[in-house]
Amino acid sequence: MGLLDTQQIKSLILDVPDFPKKGIIFKDITPIFEMPKAFSSLINELSFLIPKEITKLVAIESRGFILASGLSQKTNLPFCLVRKKGKLPRKTIKVSYDLEYGTDELYIHDSSIKSYDHVLIVDDVLATGGTAAAVEALCTNLNVSSTQSLFLLELAFLNGADKLKYNYKSLIQF
Ligand code: AMP
């Protein structure tokens with residue numbers, strides 16, 4: 001099966017202007033999922049960016065789940081979920097973070113990550129960086145050995161990297 005290269009994967013990502021609100025250009029990655037060859041190529045490319053020491057993938061709701069599950073199958077690394085309020089059934093710890101207006105919260109099962117874990121946070125888009133920075137803080141609170149992040153794409157002009165405390169990689173930059 002011929003795989004797509006990163007440029008071909010990038011060309012599948014659609015710009016949707018004014019979604020979810022005016023002024024935002026939403027990066028729609030769902031065409032990648034609708035083409036199995038593109039999705040396996042993406043998982044392949046992303047797997048090359050996973051540092052050797054990683055022991056746990058931490059997936060951010062909800063497109064991060066799709067990427068982390070593919071990566072878990074490919075690499076045999078376990079993955080766990082970071083979710084919005086009221087979704088996880090067992091004992092959780094939470095982090096609050098600032099939005100443009102107000103605050104939001106994210107949750108993880110407190111048993112999901114251990115202090116010996118070398119964590120890789122996985123999400124689709126690094127935009128302002130607020131979400132990933134909050135998940136970094138969750139991992140820090142769980143005293144993990146190390147934290148890094150991996151994104152399918154980065155909106156570099158939003159300087160989200162400035163909010164991140166630890167190393168990160170992105171496959172595609174806009
Ligand atoms: P942020 O906290 O600003 O870095 O936003 C990260 C989260 O919001 C990611 O989980 C993305 O799924 C989503 N997101 C933010 N901006 C966009 C965008 N322009 N296109 C698609 N998704 C976005």
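Numbers for residues simply follow the sequence, beginning at 1. No hydrogens, no waters, no symmetry mates; every other heavy atom, side chains included, goes into these values. Read the numbers this way: they start at 1 and go in the same order the structure lists the ligands and their atoms.
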Test of understanding: with ring pair (Phe, Tyr, Trp, His ring centres under 6.0 Å), list the residues that count as partners of F79, not counting sequence neighbours. none
Which atom pairs, nitrogen or oxygen on both sides, join ligand 1 and the protein at under 3.5 angstrom?
residue: ligand 1; atom: 2 (O); partner: G130; partner atom: N; Å: 3.4
residue: ligand 1; atom: 2 (O); partner: T131; partner atom: N; Å: 2.9
residue: ligand 1; atom: 2 (O); partner: T131; partner atom: OG1; Å: 2.6
residue: ligand 1; atom: 3 (O); partner: T128; partner atom: N; Å: 2.8
residue: ligand 1; atom: 3 (O); partner: T128; partner atom: OG1; Å: 2.5
residue: ligand 1; atom: 4 (O); partner: A127; partner atom: N; Å: 3.0
residue: ligand 1; atom: 4 (O); partner: T128; partner atom: N; Å: 3.1
residue: ligand 1; atom: 4 (O); partner: G129; partner atom: N; Å: 2.7
residue: ligand 1; atom: 10 (O); partner: D123; partner atom: OD2; Å: 2.7
residue: ligand 1; atom: 12 (O); partner: R63; partner atom: NH2; Å: 2.9
residue: ligand 1; atom: 12 (O); partner: D124; partner atom: OD1; Å: 2.9
residue: ligand 1; atom: 12 (O); partner: D124; partner atom: OD2; Å: 3.4
residue: ligand 1; atom: 19 (N); partner: I25; partner atom: O; Å: 3.0
residue: ligand 1; atom: 20 (N); partner: K27; partner atom: N; Å: 2.9

Go through the steps to decide whether K56 and C80 satisfy the test side chain to side chain contact (heavy atoms under 4.5 Å, CB included), and finish with yes or no. CA-CA 8 Å; K56 182 74 54 85; C80 62; 4.2 Å; yes
Expected list for residues 119-128: side-chain donor-acceptor pairs under 3.5 angstrom, two or more places apart:
residue: D124; atom: OD2; partner: R63; partner atom: NE; Å: 3.2
residue: D124; atom: OD2; partner: R63; partner atom: NH1; Å: 3.0
residue: T128; atom: OG1; partner: G130; partner atom: N; Å: 3.4

Quick test of your reading of the model: are E105 and K94 salt-bridged, counting only N-O distances below 4.0 Å? yes
Between the main-chain N or O of D18 and the side-chain N or O of K21, is there a donor-acceptor pair closer than 3.5 Å?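 No, K21 side chain to D18 backbone: no donor-acceptor pair under 3.5 Å.
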Could you pull out every donor-acceptor pair under 3.5 Å between side chains of residues 148-156 and any protein atom, sequence neighbours left out?
residue: Q148; atom: NE2; partner: E53; partner atom: OE2; Å: 2.9
residue: E154; atom: OE1; partner: Y168; partner atom: OH; Å: 3.4
residue: E154; atom: OE1; partner: S170; partner atom: OG; Å: 2.6
residue: E154; atom: OE2; partner: Y168; partner atom: OH; Å: 2.7

